[in-house]
Amino acid sequence: MTALLITLIAPLLGALLLAMVRPPAVGGWLNLAVSALTLAAAGWLAWTVALEGEVFGRLIGIGFRVDAFNVYLVALTAFVGLTTSIFSRPYMRHVRAEGRVYLGGMRVYHSMYQTFMLTMLTALTTDNLGVLWVAVEGATLATVLLVSLYRTPEAIEAAWKYFILCGVGIALALFGTVLTYFAAQHVDFGTLAEPGAGLIWSSLYTHAAALDPTVMRIAFVFLLVGYGTKVGLVPMHQWLPDAHSEGPTPMSAVLSGLLLNVALYALVRFKMLVDGSLAATASPHLAGALLMGFGLVSFTVAGLFLHRQRDIKRLFSYSSIEHMGLMTFAFGLGGPLATFGALLHMLVHSLTKSAIFVTVGHAAHIAGSQGIEKIRGLIRTQPAVGWSLLIGVAAIAGFPPFGVFTSEFLLLTATMQAQPWLTLPLVTGLAIAFAGLFRHLHPMVYGTPPEGQQPVQANLIPVAVHLGLVLWLGLAIPGFLAQWLNRATQLITGSSLL
């Protein structure tokens with residue numbers, strides 16, 4: 001519990017301190033230091049879970065539970081939070097020098113960055129479904145302030161759009177949570193059950209077969225639409241491209257690489273409850289079928305929209321929607337192989353997409369614009385940035401030997417085994433997405449650079465680390481990670497892959 005306490009307290013204290021630190025340079029270094037402390041505590045927590053299997057505890061009356069499923073997401077969140085803060089410090093200094101952010105806005109940015117990390121880590125570790133909802137709503141509010149940071153009309157519009165759409169979505173998720181609590185009212189949790197056991201995930205999971213199946217069916221529909229809005233599933237995805245294109249680039253890296261994972265994690269936790277309640281009914285796979293349907297539609301629509309983008313950050317935001325749709329489909333398909341592939345895909349997508357957004361920030365800096373038609377000849381102007389973008393897109397497109405290829409191959413194999421008729425739509429969607437990315441990539445990397453285009457000071461350490469890890473995971477998944485993902489797979493599906 002000490003490790004968990006530090007993991008949550010560090011960003012909380014960091015957010016409070018950063019709200020009071022006036023010099024932007026000090027704020028940047030303090031933001032990095034807090035992120036490093038959070039990662040160290042998350043690593044300690046992961047080690048504890050590896051030794052003990054699970055960690056239970058209570059903080060200020062709230063129950064927390066860390067197991068194989070959420071602990072690897074906690075470690076991933078803390079890791080990407082640190083690497084993004086390394087990129088964020090010089091990037092935001094440049095943005096400040098351009099006059100795009102006022103002095104007080106830098107305090108808002110650094111404080112909300114740590115608040116964002118706190119809410120995501122709380123959502124991942126809490127055992128209380130009500131606190132999970134509150135944490136996701138807190139992440140929404142923190143992101144609104146980050147999206148509107150530049151105070152341009154477009155940024156304000158994107159922030160309001162994000163707030164309204166996600167506000168409606170999270171309200172539906174609240175109603176689904178209330179229905180889940182209602183479905184548990186007749187369940188006997190035993191004399192030792194803690195107060196409010198109807199909202200405690202571990203108690204509900206243990207007694208899932210006793211939950212009212214009819215109410216749970218209705219609840220999951222609301223939860224899917226509600227949390228699916230945060231995942232970016234079509235047709236609830238409209239906020240995501242605008243939020244990416246108008247907010248600071250470091251925010252795009254953590255939003256696409258981390259927050260979408262948290263919302264999908266919440267959906268999977270609820271799916272486990274619904275599957276347990278419907279196991280003895282005529283439609284035991286209802287939750288999985290809904291996830292497969294929304295995932296496949298999101299995957300296909302996002303792949304098509306890749307071809308129509310004119311803004312580089314919007315381009316990769318649709319790529320995020322595509323991959324989240326693929327993960328949602330995989331969790332809906334179920335089974336050890338598909339679930340293992342989905343868990344691996346969450347990991348490699350987060351690492352790859354956050355690296356791409358770091359590179360995109362530098363590319364837009366070089367060109368002085370986020371417009372794809374104005375970003376040309378990166379590999380001639382600044383080879384490190386050009387090669388980083390090229391390798392990052394190759395990785396996210398599923399080129400071997402990167403880890404995205406491995407996870408997509410596992411998913412295709414699982415689909416051929418369980419639902420072979422869906423293999424063709426998946427392969428077709430991957431091909432469409434591949435074409436959409438590379439039709440834009442070629443001129444940006446190899447085109448003729450505009451006259452006077454100059455290199456910029458670029459911090460590509462996070463890119464090298466992330467893409468190196470993704471390459472490693474494509475060549476050979478370390479034994480400890482394979483066992484970790486296998487334990488999570490067994491928790492979600494009840495069956496082991498390895």
Side-chain angles (χ1 to χ4, degrees), residues 4 8 54-71 73-74 77 118-141 166-190 193-231 259-278 286-287 290-291 328 331 488 491-492:
L4 176 60
L8 297 177
E54 292 181 335
V55 172
F56 293 90
R58 298 185 70 83
L59 298 174
I60 58 173
I62 300 172
F64 288 86
R65 178 180 186 273
V66 184
D67 55 29
F69 182 19
N70 54 6
V71 74
L73 290 175
V74 169
T77 299
L118 170 65
T119 54
M120 289 190 293
L121 292 169
T122 302
L124 289 172
T125 56
T126 184
D127 196 30
N128 188 299
L129 299 181
V131 176
L132 169 63
W133 180 87
V134 171
V136 174
E137 173 69 355
T140 301
L141 298 177
C166 289
V168 173
I170 206 69
L172 295 174
L174 175 61
F175 189 59
T177 304
V178 171
L179 286 176
T180 302
Y181 181 73
F182 176 74
Q185 289 308 292
H186 69 282
V187 177
D188 181 12
F189 291 103
E194 55 184 303
L199 283 176
I200 305 302
W201 185 89
S202 54
S203 298
L204 290 169
Y205 184 63
T206 304
H207 299 84
L211 298 175
D212 188 314
T214 302
V215 177
M216 289 303 295
R217 288 191 189 97
I218 301 172
F220 190 74
V221 172
F222 283 97
L223 290 163
L224 177 56
V225 176
Y227 284 119
T229 302
K230 298 291 291 186
V231 176
L259 181 60
L260 306 186
N261 278 354
V262 174
L264 183 56
Y265 161 84
L267 271 180
V268 175
R269 286 289 192 190
F270 278 104
K271 176 184 179 293
M272 295 167 68
L273 299 180
V274 176
D275 286 346
S277 69
L278 301 182
L286 174 66
L290 288 173
L291 287 176
T328 303
F331 281 118
L491 175 67
I492 295 170

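Throughout, numbering of the chain's residues begins at 1 and tracks the sequence.
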Non-hydrogen side-chain atoms of L286 and F220 separated by less than 4.5 Å: no
R269 side, atom CZ; Y227 side, atom OH - distance, nearest 0.5 Å: 12.5 Å
Main-chain N/O of L124 paired to N70 side chain as donor or acceptor, under 3.5 Å: yes
Side-chain touch L223/T180, heavy atoms, less than 4.5 angstrom: yes
Shortest non-hydrogen contact from L132 toward A266: CD2-CB, 3.9 Å
Residue pair K271 / A287: nearest heavy atoms and the distance that separates them: CG-CB, 3.9 Å
Within-4.5 Å side-chain heavy-atom neighbours: N261 and M120: no
Side chain proximity check, V136 to T119, heavy atoms < 4.5 angstrom: no
Sub-4.5 Å side-chain heavy-atom contact between K230 and T140: yes
F175 and F222 aromatic ring geometry - parallel, tilted or perpendicular at 30°/60° bounds: perpendicular
Heavy-atom side-chain contact between L129 and F270 under 4.5 Å: yes
Passing candidate, side chain to side chain contact (heavy atoms under 4.5 Å, CB included) with V187, options L211, L204, T206: L211
Reported NE2-to-CG distance for the pair H207 and L273, which is rounded to 0.5 angstrom: 12.5 Å
Side chain proximity check, F64 to L8, heavy atoms < 4.5 angstrom: yes
Check: V225 main-chain N/O paired with T229 side-chain donor or acceptor under 3.5 Å: yes
Heavy-atom closest contact (G130 atom, L199 atom, distance): N-CD2, 4.3 Å
T177: side-chain hydrogen bond (donor to acceptor under 3.5 Å, both in side chains) partners, not counting sequence neighbours: none
Approximate separation, where rounding is to 0.5 Å, of I62 CD1 and I200 CD1: 10.0 Å
Expected output: side-chain T125 to main-chain L121 donor-acceptor under 3.5 Å: yes
Euclidean distance, L179 CG relative to T214 OG1, rounded to 0.5 Å: 12.0 Å
Partner residues of D212 under the salt bridge (charged side-chain N to carboxylate O under 4.0 Å, His left out) criterion, sequence neighbours left out: none
R65 charged N/C atom sitting above W201 aromatic ring, 6.0 Å / 45°: no
Closest non-hydrogen atom pair, S277 against P213: O-CB, 3.7 Å
Residue Y205 excluded, over 12 heavy atoms near OH under 6.0 Å: yes
Check: S202 main-chain N/O paired with D127 side-chain donor or acceptor under 3.5 Å: yes
